[in-house]
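Reading through the structure tokens given below for one structure.
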Amino acid sequence: MKNICKLGVILFIITASAGFLLGGIHGVTEEPIARLLEKEKLDAMRSTLPTAEEFKRISPIISAQSIIHEVNAGYSNGKIVGYNIKISPKGYGGVIDMMVGVSIDGTLRGIQILSHAETPGLGAEAGKPAFSNQFVDRQGEGIALVKGKPSKDNEIQALTGATITSKAVTDGVNEALAFFRSSLKGEGA
């Protein structure tokens with residue numbers, strides 16, 4: 001009985017020390033990580049809506065079930081030139097956090113993947129320009145995903161071996177474009 005109490009006290013001291021240490025590390029790293037994430041978000045907004053000089057978060061009505069999590073209006077010379085829509089579609093490995101830039105006339109200006117857990121060498125290729133640049137300057141009601149070479153203006157080519165990721169990104173972009181048309185189009189134009 002005495003040994004059990006002694007082991008319990010030792011275990012308590014070890015776990016309390018580890019918890020205290022982890023809490024201290026979290027306190028030190030929390031603010032730098034938050035600043036880094038904010039900078040990455042701002043860089044993504046600048047790359048997906050390059051004509052904007054400044055960005056302000058707006059609060060349109062968004063359904064609780066929507067993959068849309070945040071909307072920022074992009075301004076140039078005090079006028080809205082477009083919107084950055086942050087979305088989180090579900091890919092093969094989990095949620096894909098992305099920024100979608102749409103100009104005020106409804107043209108898709110670009111996408112930027114902020115974070116993902118897709119398979120390296122397959123779905124993780126979605127963030128590379130060879131795939132993501134296919135979305136730039138698209139307009140219309142929706143973008144279609146094809147496995148072969150695109151034959152229509154609204155089609156993009158899926159990543160080889162990563163159809164689920166390609167579909168998640170494309171569906172997310174289409175949802176952002178639909179949200180733009182239903183909730184944002186006309187504001188500031």
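Each residue takes its place number in the sequence, starting with 1.
Of the possible donor and acceptor atoms, none in the side chain of Arg138 sits under 3.5 Å from a partner among the backbone N and O of Ile156. When atom types are taken as modelled, the side chain of Ser66 and the backbone of Ile62 share no donor-acceptor pair closer than 3.5 angstrom. A distance-only check finds no donor-acceptor pair linking the side chain of Gln112 to the backbone of Met99 [under 3.5 Å]. In this structure a side-chain-to-backbone donor-acceptor pair under 3.5 Å is missing from Glu175 to Ile68. Side chain of Ser183 to main chain of Phe180: no donor-acceptor pair is present (N/O by atom type, distance under 3.5 Å, no hydrogens or angles). Of the possible polar contacts, one joining the Ser166 side chain to the Leu159 backbone as a donor-acceptor pair under 3.5 Å is found. Counting only distance, with no hydrogens or angles, the side chain of Glu30 and the backbone of Gly27 share no donor-acceptor pair below 3.5 Å.
The environment of CD1 in Ile4 is sparse: at most 12 heavy-atom neighbours from other residues, nucleotides or ligands sit within 6.0 Å. Heavy-atom neighbours of Tyr92 OH from other residues, nucleotides or ligands within 6.0 Å: at or below the threshold of 12. Shown here is Asp153, whose CG atom has no more than 12 heavy atoms of other residues, nucleotides or ligands within 6.0 Å.
Between Lys41 and Glu70 there is a salt bridge, since at least one side-chain N of the basic residue sits less than 4.0 Å from a carboxylate O of the acidic one. A salt bridge links Glu125 with Lys128: the closest approach of a Lys/Arg side-chain nitrogen to an acidic carboxylate oxygen falls below 4.0 angstrom. Taking a cutoff of 4.0 Å between a charged side-chain nitrogen and a carboxylate oxygen, Lys86 and Asp97 do not qualify as a salt bridge.
The shortest heavy-atom contact between His116 and Ile113 is CD2-CG2, 3.9 Å. Scanning all heavy atoms of the two residues, the minimum distance from Val81 to Leu49 falls at O-CD1, 4.4 Å. Gly172 approaches Ile67 most closely through the heavy-atom pair CA-CD1, 3.7 Å.
Between the side chains of Thr107 and Gln139, at least one donor-acceptor pair of N or O atoms lies under 3.5 Å.
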